[in-house]
Number of protein chains: 2
Amino acid sequence: MNTLAEENYLKSIYHLSLNAENVSTNQLAALLNTKASSVTDMLKKLADKELINYTPYQGVTLTPPGEKIAINIIRKHRLWEFFLVEKLNFKWDEVHEMAEEMEHISSNELIDRLDRFMGYPKYDPHGDPIPDCDGKFKVHDLKPVSAIEINESGIICGVRDHSAGFLQYLEKQGLTIGKKIKVEDIIEFDRSMILQMETKTVQISREVANNLLITL
Amino acid sequence: MNTLAEENYLKSIYHLSLNAENVSTNQLAALLNTKASSVTDMLKKLADKELINYTPYQGVTLTPPGEKIAINIIRKHRLWEFFLVEKLNFKWDEVHEMAEEMEHISSNELIDRLDRFMGYPKYDPHGDPIPDCDGKFKVHDLKPVSAIEINESGIICGVRDHSAGFLQYLEKQGLTIGKKIKVEDIIEFDRSMILQMETKTVQISREVANNLLITL
DNA sequence: AATAAAATTTAGATTAGTCTAAATTTATTA
DNA sequence: TAATAAATTTAGACTAATCTAAATTTTATT
Ligand SMILES: [Mn+2]
Ligand SMILES: [Mn+2]
Ligand SMILES: [Mn+2]
Ligand SMILES: [Mn+2]
């Protein structure tokens, strides 16, 4: 099996791969809160294990086995987050750090039973898709609120920023997963947006609009 | 916080302390599957942290803070075992290894909520008491089946050996937690015992009788 | 009490993961 | 395209946890 550090590197490479073909040493160092030199060492180790394709100075990609491991860790992370919110009544901004530990519990039998126990949820508390036991999941096509025009509407289905502060802010505004919103106006000056909701109207900055994801 | 290795040492010292005042280096090495020299190194470290009282060559005892940590880990271990059996339908012989990993999940808030979620269970699947969030628990006074006489009876409340093999054997014989048994006969030759149960009669070796615990 | 055996500690290495500082390679820009 | 800046790797060191082999201390046995 793989060490905790190896698993965290694979997971990070997977996440960064969604935005760029090749993942760079510095991107990993920033995400993992470590130094570039430490990253280089680990990349050599993962390349030796054939979990990544590594060309010095050129960044890395996951091999199929490496991707499989990464997706399995993400599956565990999101299922545990779902458990913490749905069964233990934690709030969506409280669960990430705990899930960071729990995702490394090794048993797949355990996670498959947890999945069944919860009724095979498709999305985690932040709207992210939960891979099934074969690693398959829908990548539903979300766009930031900032990408739609006046009078267009959508349903909140995810967030780009997972920080507790941002999630708490959204919670307070009632901007949570599943809520329907419609753009009532866009302020010229700073392009902040006025959103019409079920029972009220809220104004959000461009920054927030960029990090709040919807389906049409 | 403490490392995983430190937590495992404290837990092992706690368990061994139940049978002997001072815990020796070799006892720990045997239980932790490591070498005596490694144990010595760790004992120095734990003594520096004031989690154990260590006198070279004389063995160790836990300090109050050390004991508190040990009991908290045991609480987590047993609550997770209960969860795995009661909620995820694992068998009692399947959960120990998973709980060995899960007991190191750090959040106490998580474990307290898990405790509530399950209705504050008092005993784990093997009959061992689960400490409450203050570390308190009943040490109910059990005796091995081998300690009672012909015609005496009792209720199975625990096991001394927690190995999967032993637990599976008991399961197959129907000798599980809560079952009532009565000693029908003791064979002279090897002191094996014939137990009368609800619907049948089973014969167990002295070895088994020594490891099966009952209340009267 | 002297000697042998057992238990324990010390000495010196090793591995995983990390770090700083220096060297090297790649990318940018004048 | 030559100089400069940025990114990355290499070199050398450190900590935690482990090991083997040797030295020391305690315990048991003549
Ligand atoms: Mn998360
Ligand atoms: Mn999530
Ligand atoms: Mn157990
Ligand atoms: Mn147990």
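Every chain is numbered from 1 and lettered A, B, ... according to where its sequence line falls, protein lines coming before strand lines.
- Here A:T40 lies in heavy-atom contact (under 4.0 Å) with a base.
- A salt bridge links B:K49 and B:E6; the closest N-O separation between the charged side-chain nitrogens and carboxylate oxygens is under 4.0 Å.
- Proximity of the aromatic rings of A:H77 and A:H96 is defined here by a centroid distance below 6.0 angstrom, and this criterion is met.
- Between the CG atom of A:N26 and the C1' atom of D:dA5 there is a distance of 13 Å, given to the nearest Å.
- Nucleotide D:dT18 holds its P atom 11 Å from the CG atom of B:N33, rounded to whole Å.
- Taking atom CE on B:M42 and atom P on D:dA16, their separation rounds to 10 Å, with Å as the unit.
- Between the P atom of D:dA16 and the CE atom of B:M1 lies a distance of 16 Å, rounded to the nearest Å.
- The interatomic distance linking B:E6 (CD) with D:dT15 (C1') rounds to 12 Å, in whole Å.
- The distance between atom NZ of B:K49 and atom P of D:dA16, rounded to the nearest whole Å, is 9 Å.
- Dashed line: the shortest gap from a side-chain N or O of A:Y9 to OP1 or OP2 of C:dA16 is not under 4.0 Å.
- For A:K11 (side chain) and A:I74 (main-chain N/O), no donor-acceptor pair under 3.5 Å exists by modelled atom type.
- Put simply, B:K44 has a side-chain N or O that comes within less than 4.0 Å of OP1 or OP2 on C:dT10.
- Aromatic ring centres of B:F82 and B:Y120: separated by at least 6.0 Å.
- Remark: P of D:dT10 and CG of A:L43 are 11 Å apart, rounded to the nearest angstrom.
- In this structure, A:K87 fails the cation-pi test against B:F83, since its NZ or CZ atom is not both closer than 6.0 Å to the six-membered ring centre and inside 45 degrees of the ring normal.
- Side-chain proximity of B:T3 to D:dA16, D:dT9, C:dT18: nearest is D:dA16.
- No donor-acceptor pair under 3.5 Å is formed between the side chain of B:D134 and the backbone N or O of B:K136.
- Between D:dC19, C:dC19, C:dT9, one nucleotide has an atom nearer to the side chain of B:D41 than all others, and that is D:dC19.
- When each of D:dT18, D:dC19, C:dT10 is scored by its nearest atom to the side-chain atoms of B:K35, the top-ranked nucleotide is D:dC19.
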Taking only N/O atoms, report every protein-nucleotides 21-28 of chain C pair under 3.5 Å with atom names and distance.
unit_1 : atom_1 : unit_2 : atom_2 : d
C:dT25 : O4'    : A:Y57  : OH     : 3.3

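- At a threshold of 4.0 angstrom between heavy atoms, the contacts of A:A36 include nucleobase atoms, whether or not backbone atoms are also involved.
- At least one donor-acceptor pair closer than 3.5 Å links the side chain of B:R78 to the backbone N or O of B:P129.
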